[in-house]
Amino acid sequence: LDTSQLSLEDMEDYHDRIEDATPAYGAFLFGYPHLLPKLQGDALARILAEARNTMFEGGIVALDLNGVPEPDRGVGLRKVSDLKADSVIGSALPLVDILHMNEEELQLLTGCKLRNTEEMRLEDEFAIASATNLFLLCGVAIVVVTRGKKGSYVSCNDEDRFQKSPMLPSSWVDCTAKLPCVELPSGTIINTNGAGDSFTAGFLVAAMLRHTGMTVPVSTSPTRGSSSSGGFETPRSAATEVSFESTSTPPRRTTGSSPKPRKKLTPYQLYMRENYVALKQKCNDDKKKIFSVCHQMWEDESDDVKAFYERQADEEEEFANISQSTTEASLALQDQLDVLDSTPRRGASPSDHFGSNSFSPFGDINTNSFNNNNNNNNGNDPSRNIYMTNRALNLESAVQFASLVASHHVDTATRDLTHLDVTRLLERALTLPEGLEEI
């Protein structure tokens with residue numbers, strides 16, 4: 001269609017019609033219904049239903065709670081019928097894919113009691129599980145409870161409920177996750193205002209992430225098996241453009257060979273790595289201008305921000321040393337799994353390729369995508385792993401990702417940053433405590 005001859009009004013009408021006819025991919029996040037008297041009960045349900053109708057396959061609908069009042073009722077755990085009859089959120093609960101609240105709000109809404117002592121830790125965890133189950137029985141797909149310094153608890157509904165929200169990761173069905181909080185360095189100045197909001201946003205993004213099946217080298221001379229961000233396709237970062245050595249994912253090497261010397265990441269290199277993608281767009285890919293602007297930005301930063309990047313560089317160096325010590329042990333296991341082999345046996349199924357005991361943080365696999373890619377590429381595209389395409393993060397990695405997003409918001413040195421490096425956050429979220437990187 002030639003739009004050059006259209007008037008301004010016709011052009012606006014044309015764009016409106018195109019927008020109306022184009023499905024919206026993404027999510028809808030509604031917050032604080034207890035503080036919005038005119039948007040409660042059936043009104044809230046209508047808003048969530050309308051939002052779902054505007055998104056492709058219903059998208060993901062999230063509800064974030066705040067301002068829950070003291071209940072006017074007796075002591076004891078509420079029943080499912082009580083929550084369904086709740087005047088604020090009751091009628092909207094079946095439409096909610098992700099419901100977030102903190103442990104205080106959980107107690108106010110359900111009547112559960114938490115002692116918050118080490119001696120009663122197991123009893124508290126059981127009480128949280130019982131209370132979150134009430135919301136699952138009301139039709140919520142995923143219930144997220146943040147507990148401050150004690151971490152977070154996430155519980156997911158069954159397959160029938162997940163089928164009503166096809167944009168949710170199907171691998172999360174019937175799963176639960178209990179993770180500790182992300183610890184910040186000693187002396188960090190924190191501001192916890194908005195921590196729950198940032199956690200919810202991070203968890204929502206994590207639920208939407210899907211593996212592209214592509215691998216991206218982390219250095220200019222990549223070693224076999226090395227990749228960036230666990231295989232996520234991302235714009236080229238400073239790790240590739242400026243030849244940074246990967247400090248969080250040591251290059252894979254043959255057992256018995258001597259390790260390649262690794263350069264220590266400096267605070268300035270880390271700063272450039274996090275700002276590179278934004279600067280690349282801002283400077284129209286002019287490398288000289290990128291380095292010049294970044295250097296000036298670094299010089300203008302406060303001492304607190306520079307100190308933060310110094311701590312982050314030290315943390316990455318410490319983690320790299322731990323990873324280096326476990327590399328030999330992990331190579332044998334990685335060779336056996338070899339899940340990033342992009343030339344699978346003809347006719348092999350995804351389960352044949354991964355094996356019954358292999359581990360991956362990307363829990364979903366799209367069989368239609370598998371078949372299409374296999375037919376189109378015949379296994380000859382060395383840059384694409386058909387078994388990983390369209391897989392989602394596992395629940396534990398998603399929770400860890402959300403915690404990392406919240407930690408950046410809580411830290412006063414980073415809460416006002418204009419953007420976060422998702423690639424770097426994923427590198428940390430996809431790392432097991434033992435130092436083995438998830439495939």
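Please read these numbers as outputs of a predicted model, since none were measured by experiment. Here, residue 1 is the first one in the sequence, and each next residue gets the next number.
Residues satisfying the side-chain contact (heavy atoms from CB on, under 4.5 Å) criterion with D42, sequence neighbours excluded, are R46, S91. Here T200 pairs with H100 under the side-chain hydrogen bond (donor to acceptor under 3.5 Å, both in side chains) rule; sequence neighbours left out.
From T188, atom OG1 reaches atom CD of E183 across 11.0 Å, with rounding to the nearest 0.5 Å. Rounding to the nearest 0.5 Å gives a distance of 11.0 Å between CG of L44 and OG of S87. With rounding to the nearest 0.5 Å, the separation of NZ in K178 from CD in E396 is 11.5 Å. Interatomic distance, CD of Q40 versus NE2 of H34, reported as 7.0 Å (0.5 Å rounding). Between I128 atom CD1 and T110 atom OG1 the span is 9.5 Å, to the nearest 0.5 Å. Taking CD1 from I290 and CG from N284, the interatomic distance works out to 9.0 Å, rounded to the nearest 0.5 Å.
Between the side chains of E301 and Y309, no donor-acceptor pair is found at a separation under 3.5 Å.
Contacts classified as salt bridge (charged side-chain N to carboxylate O under 4.0 Å, His left out) and involving residues 134-154 (residues at least two apart or in different chains) are given here: E103-R147, E103-K150.
Counting heavy atoms of neighbouring residues, nucleotides and ligands inside a 6.0 Å radius, atom CG of D303 does not exceed 12 of them. The neighbour count for E104 CD, taken as heavy atoms of other residues, nucleotides or ligands under 6.0 Å away, does not exceed 12. Within 6.0 Å of atom NZ in K306, more than 12 heavy atoms from other residues, nucleotides or ligands are found, so the atom counts as buried in its surroundings.
Annotation: side chain of V182 is in contact with side chain of Q400 (closest heavy-atom distance under 4.5 Å). Between F162 and I142 the shortest side-chain heavy-atom distance falls below 4.5 Å. No side-chain heavy atom of V140 sits under 4.5 Å from any side-chain heavy atom of N157. Between F401 and V422 there is a side-chain heavy-atom pair separated by less than 4.5 Å. For the pair N133/S155, no side-chain contact is recorded, criterion being any heavy-atom separation below 4.5 Å from C-beta on. Residues W298 and M272 have side chains not in contact (no heavy-atom distance under 4.5 Å, counting atoms from C-beta outward). Inter-residue side-chain proximity for V410 and L184 is flagged as met; some heavy-atom pair is nearer than 4.5 Å. Proximity of F30 to L36: side-chain heavy atoms (C-beta onward) are separated by under 4.5 Å at one or more points.
A pairwise comparison of heavy atoms in D124 and N116 identifies OD2-N, 2.7 Å as the closest pair. The minimum heavy-atom distance linking P33 with L39 is given by the pair CB-O, 4.3 Å. Heavy atoms only, all atoms of each residue included: H408 and L420 are closest at CD2-CD2, 3.6 Å. A pairwise comparison of heavy atoms in A141 and L136 identifies O-CD2, 3.8 Å as the closest pair. For the pair A127 and K113, the tightest heavy-atom approach, listed with the atom from each and the gap, is CB-O, 4.1 Å. Listed here is the closest heavy atom pair of A195 and A406: O-CB, 3.9 Å.
Side chain of N66 to main chain of Y32: no donor-acceptor pair is present (N/O by atom type, distance under 3.5 Å, no hydrogens or angles). One N or O on the side chain of W172 and one on the backbone of L393 form a donor-acceptor pair closer than 3.5 Å. Judged by distance alone, with hydrogens and angles left aside, the side-chain atoms of N53 form a donor-acceptor pair with the main-chain N or O of A49 at under 3.5 Å. Using modelled atom types, no side-chain atom of Q163 and backbone atom of D160 make a donor-acceptor pair closer than 3.5 Å. With hydrogens and angles disregarded, no donor-acceptor distance shorter than 3.5 Å links the side chain of R311 to the backbone of P185. Side chain of T146 to backbone of G196: no donor-acceptor contact under 3.5 angstrom is found. Side-chain N or O atoms of R428 include none that pairs as donor or acceptor with a backbone N or O of L404 at under 3.5 Å. A donor-acceptor pair is defined here as one N or O able to donate and one able to accept, closer than 3.5 Å; such a pair exists between the side chain of Q107 and the backbone of L114.
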Problem set entry | Working for salt bridge (Lys or Arg N to Asp or Glu O under 4.0 Å), residues E123 and R115 | CA-CA 8 Å; E123 287 79 358; R115 307 304 177 185; over 6 Å; no

Exercise. Are R52 and S165 close enough, and set up right, to give a side-chain contact (heavy atoms from CB on, under 4.5 Å), and what steps lead you there?
Worked result: CA-CA 10 Å; R52 186 178 293 281; S165 303; 3.6 Å; yes

Exercise. Could you walk me through whether C138 and V80 pass the side-chain contact (heavy atoms from CB on, under 4.5 Å) check?
Worked result: CA-CA 6 Å; C138 289; V80 173; 3.8 Å; yes

Exercise. Is there a side-chain contact (heavy atoms from CB on, under 4.5 Å) between L179 and S403 once you walk through the steps?
Worked result: CA-CA 9 Å; L179 270 74; S403 298; 5.6 Å; no

Exercise. What do the steps show when you test D86 against L93 for side-chain contact (heavy atoms from CB on, under 4.5 Å), and what is the final call?
Worked result: CA-CA 10 Å; D86 187 277; L93 289 177; over 6 Å; no

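Test L63, T54, I47 against F28 for side chain to side chain contact (heavy atoms under 4.5 Å, CB included) and you get one pass: I47. Of the candidates D64, L108, L109, L109 is the only one forming a side chain to side chain contact (heavy atoms under 4.5 Å, CB included) with M101.
Using the six-membered ring where Trp is involved, F203 and F199 have ring planes that are parallel, under 30° apart on the 30 and 60° scheme.
Between E118 and R121 there is a salt bridge, since at least one side-chain N of the basic residue sits less than 4.0 Å from a carboxylate O of the acidic one. Ion pair D97/R161 flagged as a salt bridge, since at least one NZ, NE, NH1 or NH2 atom sits closer than 4.0 Å to an Asp/Glu carboxylate oxygen.
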